[in-house]
Structure formats: structure tokens, C-alpha cells
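Protein chains get the first letters and strands the later ones, always in sequence-line order, with residue 1 at the start of each.
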2 protein chains.
Amino acid sequence: MQDVRLTPTSYVVLGLIDQVGQATPYDLKRLVSISVGYFWSLQHAQLYSEPERLTRAGYLTEEREEGGRRRKRYALTERGREALAAWRAQPPDDLAELREPALLKLFFGADRKELATAQLEAHRRRLAEYEAVREQMPPRTPEGSRLTLEAGIRHEHTWIAFWREVAGG
Amino acid sequence: MQDVRLTPTSYVVLGLIDQVGQATPYDLKRLVSISVGYFWSLQHAQLYSEPERLTRAGYLTEEREEGGRRRKRYALTERGREALAAWRAQPPDDLAELREPALLKLFFGADRKELATAQLEAHRRRLAEYEAVREQMPPRTPEGSRLTLEAGIRHEHTWIAFWREVAGG
DNA sequence: CCTATCATGTAATCCGTTACATGATTAT
DNA sequence: ATAATCATGTAACGGATTACATGATAGG
């Protein structure tokens, strides 16, 4: 059993498997795309390699389906559950940075009007998607989903106001 | 001369060298820390490796100081200037994701009150820093700096409002 | 039927982070 | 003087992205 560093990716995998009990990499892919993927997306290839890593380190068990596609199906071990709980209870790490490519362009002298117009449209589209998701949220959606989506929506509003001013100035 | 993919890191290096004419890795480190570093920070080691990469691909020239520390000093080539201009003119890539670790914790069931309190304090501190920078901005600061800082400040406000409600609900 | 897209997975590459180092200044 | 921090750089590692592959399903 080998030591690995637990990254945010690790906790996404652990957290999702915790929510659903067990999952194949493809299950994880779909789960990510309808949940945390809105603010923290992952490449599908990582949903194959990351569970392997976590299994090597004793956080997950792996069992292969007999016959058919012989999928690998993962579940939490006790160690995995503990790691997840410890992470949840820890004070959060450093704050995220904006890391917005468009801001880099703005900083390095791109045409403001053009840039702002393109950004405005992209953010409006994204806001519309988020709002559509919110409308269709079933009644008993967990608070975590609801709140993270809410955070996303607010940031979209902030971006829209920002780029509108940049475009208009 | 070797092909390399140009990443955001590449454009930070190209953009900064474009602004100052020429720079050593250590110059770049300081430049980043007082400019784009507020929303797009880089490890100092990358400011050694990235210019090498860019030089291998013909975007920069490298010359070594004689004597002393024999620092490497980089400057843009024509190809580098063109690449930077092309990037500036391109429509922006995909929008950034929030990728906020605290949101992951919220999503996966961390204690809302505790989490929100910690985040509130961290964001308040960061907002104060940004505002201090804004106060001390010299008169003729380029619009790019001013606007990107403004974007940062607004997002901090958004976060503060969000976490305040999460804490209060 | 044939083609496009979805489902599912592995392998290779490489950028970014972390660890390691050491000479020069500054502070006490 | 000595410790601490700044200045400056290299090397190793590993997580994340990209490329490569192929069987299944659905649409036209």
C-alpha cells in the first residue's frame, strides 16, 4: 500500500463515491458532469487513473465485473471515509485565484471593447444555463448543490456587470 | 528550434517581457508578484523553465550576463511579438471555472457555519489587500492593471456576500 | 446499411509543483 | 558574528491533459 497525496480531484472522487455507495469510472464521469462539474470539471481520463491511485493507497476497494465490459467498480474503505471526513472538517486551504484568461488579455492590452463583448456573451450564455438548472432542480435537492449553484450564478452576475462596464466605458 | 504549446504561463512571460523590454527570471518573479500575480500567480521555478522553453521554440532570445551571477536575460524575438499579438487579438478561450476548494467542501457536506466563517475572514482580508493596492496606485497606472484589480475586488465582494448568507442562514 | 456519436478505456507527454541548494544581505 | 531572510537557480516527481483506440448504439 502506497502513499499518495490527496488532491482536490481525490476528494471529488471520494465524495461522489461516498454519495452513491459505489461507482465505475464512467459513473463518476456522469456524476461529475451533473454536479461539481459546474465549478470543478475533470477530464474523463482522470476518473480512470485517480480511483486506481486511491485504491493503491487504501482509500478505495476495486472489484471487477464478471463478463460483459468487465468494468471496475469502486467503493470507499474505512480509511477512505476517514480521509473524507477529515478533509471536510479541516479549515479550507488557500483561496482560489480568478485565473481568467480574458483578464490576462485585458491586462496585456487586448482591445477592450471586443474582448468585453465576447465575454459578455459567453457569461450570459453560462448564466442562462445555470438558471435553467436551478429552475429544474427537484424539490429535495441537497443544500450543497443548491448553494454551490447559487455561488456560480452570483459570480456570473458579477462578471456580466464587469464586462458591461468595460465594454461601455 | 522546437515546437512548444503556448499556455497562459507562456503569455504571462511574453507579455511581461514585452512590457519591460528584457528581463531575467528573477525580474519576472518580481513583476508577476506586483501585477498579474493578483489573479494569476506562478511558481518562481516556472519563471526559469518557461523562458527556456520559449527560447527553444524561437519566441525569446537568451543572453548570459558576463561575470557576477551570470544571469540569463531574455528578450522577445519577432516571432514572440507576433505570437503575443495574435493571442491578444484572438477571441478568448473558454471561461474560467470557480475551482474554489471551499465550494467543494460545501458541496460534500462540510459544516456550513464553520466553513462560511473561515471563508468570510479570508475574503475580507484579501479584499482589504486589494483595496490597499488600489489606494496606492500611482496616477498613470495603465487601464489593464486598474481594471483587473477592479474585477478582483468585485469578486471579493461577491464572495463575502455569499458566505455571509451561508453563515447566517 | 452506413455513418456518426456515445461509451469506455489505456498510453504517452508535459506542464507545474515540490524539493533541494547556495551565495548574498540584513537584522540583532 | 550569527541567524535569518532574500536572491537565484537546478533537478525530480507526478498529476493533468492529450492522443490514441475500439466496441456499441442510434439516426438517416
Side-chain angles (χ1 to χ4, degrees), chain A residues 2-14 22-34 36-37 39-57 59-60 62-74 83 93-94 96-97 99 101 104, chain B residues 2-14 16 22-34 36-37 39-57 59-60 62-74 93-94 96-97 99 101 104:
Chain A
Q2 182 176 332
D3 252 44
V4 302
R5 227 184 306 261
L6 295 176
T7 68
T9 301
S10 312
Y11 292 110
V12 169
V13 170
L14 293 174
Q22 51 175 40
T24 67
Y26 193 69
D27 293 337
L28 290 172
K29 183 190 160 189
R30 274 175 303 169
L31 287 169
V32 166
S33 77
I34 62 168
V36 288
F39 66 95
W40 198 302
S41 72
L42 299 176
Q43 304 290 328
H44 87 278
Q46 261 199 282
L47 297 172
Y48 291 85
S49 57
E50 186 64 21
E52 273 174 24
R53 254 169 45 85
L54 294 173
T55 301
R56 282 206 306 276
Y59 297 103
L60 295 176
E62 169 186 318
E63 74 182 76
R64 273 197 109 102
E65 272 183 359
E66 296 304 319
R69 292 184 177 273
R70 296 183 53 68
R71 295 189 190 83
K72 290 176 184 168
R73 190 173 302 278
Y74 296 92
D93 337 345
D94 288 336
E97 291 176 356
R99 288 192 170 258
L104 278 185
Chain B
Q2 181 175 332
D3 250 43
V4 303
R5 226 185 308 260
L6 295 175
T7 67
T9 301
S10 311
Y11 293 111
V12 169
V13 169
L14 293 174
L16 288 175
Q22 50 174 40
T24 68
Y26 193 67
D27 292 337
L28 290 172
K29 183 191 160 187
R30 274 175 303 169
L31 287 169
V32 167
S33 78
I34 62 168
V36 288
F39 66 94
W40 200 300
S41 73
L42 299 175
Q43 304 291 327
H44 86 280
Q46 260 200 284
L47 297 172
Y48 290 86
S49 58
E50 186 63 21
E52 273 174 24
R53 252 168 47 84
L54 294 174
T55 301
R56 282 206 306 277
Y59 297 103
L60 296 176
E62 170 185 317
E63 73 182 77
R64 272 197 110 101
E65 272 183 359
E66 296 306 320
R69 292 184 176 272
R70 296 183 50 67
R71 294 189 190 84
K72 290 175 183 169
R73 189 173 302 280
Y74 296 92
D93 337 346
D94 289 334
E97 291 176 359
R99 289 193 170 255
L104 277 185

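- The nearest whole Å value for the distance from the CZ atom in B:Arg99 to the P atom in C:dG16 is 13 Å.
- Checked against salt bridge (Lys or Arg N to Asp or Glu O under 4.0 Å), B:Arg99 has the following partners two or more places apart in sequence or in another chain: B:Glu97.
- In this view, B:Thr55 and B:Leu60, B:Glu62, B:Tyr74 satisfy the side chain to side chain contact (heavy atoms under 4.5 Å, CB included) rule, not counting sequence neighbours.
- At whole-Å resolution of the value, CG in B:Asp3 and C1' in C:dC15 are 16 Å apart.
- Residues forming a ring-ring contact (aromatic ring centres under 6.0 Å, His included) with B:Tyr11 (at least two apart in sequence, or on another chain): B:Trp87.
- The side chain of A:Arg5 has C:dT18 as its nearest neighbour among C:dT18, C:dA7, D:dA16.
- Separating the CG atom of A:Leu6 from the P atom of C:dT17 is a distance of 18 Å, rounded to the nearest angstrom.
- Here CG of B:Leu42 is found 9.5 Å from CG of B:Leu28. Values are rounded to the nearest 0.5 Å.
- The distance from atom OH of A:Tyr26 to atom P of C:dG9 is 10 Å, rounded to the nearest whole Å.
- Taking atom CG on B:Asp27 and atom P on D:dA7, their separation rounds to 12 Å, with Å as the unit.
- Between the CG atom of A:Leu31 and the C1' atom of C:dT8 there is a distance of 16 Å, rounded to whole Å.
- Partners of B:Gln43 according to the side chain to side chain contact (heavy atoms under 4.5 Å, CB included) rule, which considers only residues two or more places apart in sequence or in another chain, do not exist here.
- Take A:Glu52 and apply the salt bridge (Lys or Arg N to Asp or Glu O under 4.0 Å) test, not counting sequence neighbours, and it matches A:Lys72.
- Note: CG (A:Leu42) to P (D:dT18) measures 13 Å, nearest angstrom.
- Taken over five-pair windows at either terminus, the axes of the helix from C:dC1-D:dG28 to C:dT28-D:dA1 are inclined to one another by 40° (rounded to 10 degrees).
- A search for salt bridge (Lys or Arg N to Asp or Glu O under 4.0 Å) contacts involving B:Arg30 returns B:Asp27, not counting sequence neighbours.
- Taken residue by residue, residues 43-54 of chain B places heavy atoms nearer than 4.0 Å to DNA chain C at B:Gln43, B:Ala45, B:Gln46, B:Arg53.
- Separation of atoms CD (B:Glu50) and CG (B:Leu6) is listed at 8.0 Å; rounding is to 0.5 Å.
- Within the structure, every side-chain polar atom (N or O) of A:Thr24 is placed at least 4.0 Å from both OP1 and OP2 of C:dT8.
- Of the candidate nucleotides C:dT8, C:dG9, D:dG9, C:dT8 has the atom lying nearest to any side-chain atom of A:Lys29.
- Taking B:Ala45 as the reference, nothing meets the side chain to side chain contact (heavy atoms under 4.5 Å, CB included) condition, with sequence neighbours excluded.
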